[in-house]
Asks: 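Here's a structure for you.
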Amino acid sequence: MTIETLGPIRSLPLTYHVEVLKPDQVRRIREGALQILQRTGIATNSGKLLELMAEHGQDVDFANRRIRFAPHFVEEKRALAPRHFTLAGRRPERDLAIDGAHGYLSPDGCAPQVIDLETGLRRSSTKADLGQITRLADALPEIGFLWRSVSA
């Protein structure tokens, strides 16, 4: 079967919703993250990013290459992020709608180790493992997209 003979990727309907965190827990996590970004910030080796964030009024420590973000700045930028988007395929019929209503299967994990199928023993993952998993995922019509599954 070639890419030309494959139809659109079928999504799994997301009909079941699990509330992992209560709204108060989500609020506390958001507030904690904003506090960390303001007090600790992030370190970067990008001089361009340091300059850009300084131009946008953020607390930039050029000597230590650290940016500390004002909470209102983070919230303002977060509000600009789209709530839905499309993972575009090489062909439009292979696009994946990321919208909260569709789900897709993918190999996942980026595991540093695997269980060897020949010996049954745990070992470091290899480039050959990545190739085998990629070929398997490519052959399964149920797989919607490929996420690197091992960190060979």
Side-chain angles (χ1 to χ4, degrees), residues 1-53 58 60-69 74 77-78 80-152:
M1 190 174 280
T2 67
I3 189 79
E4 289 79 20
T5 61
L6 294 174
I9 296 172
R10 292 184 304 177
S11 68
L12 303 170
L14 296 179
T15 57
Y16 184 72
H17 180 74
V18 177
E19 206 56 49
V20 177
L21 299 171
K22 295 177 181 160
D24 185 58
Q25 293 171 311
V26 172
R27 180 190 54 76
R28 287 181 18 224
I29 290 169
R30 184 179 60 249
E31 288 172 359
L34 290 171
Q35 192 174 70
I36 290 168
L37 288 169
Q38 184 176 29
R39 288 184 185 171
T40 305
I42 64 166
T44 181
N45 287 323
S46 171
K48 186 175 182 178
L49 181 59
L50 292 166
E51 290 174 17
L52 181 64
M53 290 298 99
Q58 300 313 293
V60 175
D61 180 344
F62 286 94
N64 292 307
R65 307 187 74 73
R66 182 165 299 278
I67 306 165
R68 292 177 181 85
F69 298 92
V74 175
K77 300 308 175 196
R78 188 176 70 88
L80 296 174
R83 297 294 172 245
H84 305 99
F85 59 93
T86 300
L87 287 178
R90 289 187 182 132
R91 299 170 186 263
E93 65 270 14
R94 309 294 286 169
D95 289 355
L96 304 180
I98 308 300
D99 58 7
H102 299 84
Y104 306 95
L105 297 176
S106 169
D108 186 25
C110 201
Q113 296 181 325
V114 296
I115 302 296
D116 189 289
L117 295 177
E118 302 294 321
T119 66
L121 299 174
R122 181 187 306 246
R123 62 169 172 75
S124 294
S125 59
T126 66
K127 185 177 177 181
D129 294 322
L130 180 59
Q132 288 178 333
I133 294 167
T134 300
R135 284 188 293 281
L136 176 62
D138 188 47
L140 295 172
E142 295 82 8
I143 300 298
F145 64 98
L146 183 65
W147 190 270
R148 186 177 63 175
S149 51
V150 295
S151 59

Asks: If you look at every heavy atom in Phe69 and Ile67, which pair is closest and at what distance?
Replies: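 Distance-wise, the nearest heavy atoms are CZ-CG2, 3.5 Å.
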
Asks: Quickly, which of Arg66, Arg68, Gln35 forms a side-chain contact (heavy atoms from CB on, under 4.5 Å) with Thr40? Name it, please.
Replies: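 Option passing the side-chain contact (heavy atoms from CB on, under 4.5 Å) with Thr40: Arg66.
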
Asks: Using the ring of each side chain (for Trp, its six-membered ring), is His102 parallel, tilted or perpendicular to Tyr104, with breaks at 30° and 60°?
Replies: parallel

Asks: Quick check: does any side chain N or O of Arg65 sit under 3.5 Å from a backbone N or O of Asn45, one acting as donor and the other as acceptor?
Replies: yes

Asks: Do any pairs count as a salt bridge (Lys or Arg N to Asp or Glu O under 4.0 Å) and have a residue in residues 120-130, sequence neighbours left out, and if so which ones?
Replies: Asp116-Arg123, Arg123-Asp129

Asks: Between Asp138 and Arg135, is the closest basic N to carboxylate O distance under 4.0 Å?
Replies: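 Answer for the salt bridge query: no.
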
Asks: Do side-chain atoms of Ser125 reach the backbone of Val114 as a donor and acceptor pair under 3.5 angstrom?
Replies: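 No: the side chain of Ser125 does not pair with the backbone of Val114.
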
Asks: Quick check against the 3.5 Å criterion: does Ser106 have a side-chain atom that pairs as donor or acceptor with the backbone of Asp108?
Replies: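 Between the backbone of Asp108 and the side chain of Ser106 there is no qualifying donor-acceptor contact (under 3.5 Å).
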
Asks: Which pair of heavy atoms, one from Pro112 and one from Ser151, lies closest together, and at what distance?
Replies: CA-OG, 3.3 Å

Asks: Please report the shortest heavy-atom distance between Ala88 and Asp95, naming the atom on each side.
Replies: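 Here Ala88 and Asp95 meet closest at CA-OD1, 3.3 Å.
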
Asks: Not counting sequence neighbours, which residues clear side chain to side chain donor-acceptor pair (under 3.5 Å) with Glu118? List them please.
Replies: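 Result, side chain to side chain donor-acceptor pair (under 3.5 Å) vs Glu118: none returned.
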
Asks: Within the side chain of Arg83, is there an N or O that forms a donor-acceptor pair under 3.5 Å with the backbone of Ala81?
Replies: yes

Asks: Counting only heavy atoms not in Leu117, do more than 12 sit closer than 6.0 Å to its CG atom?
Replies: no

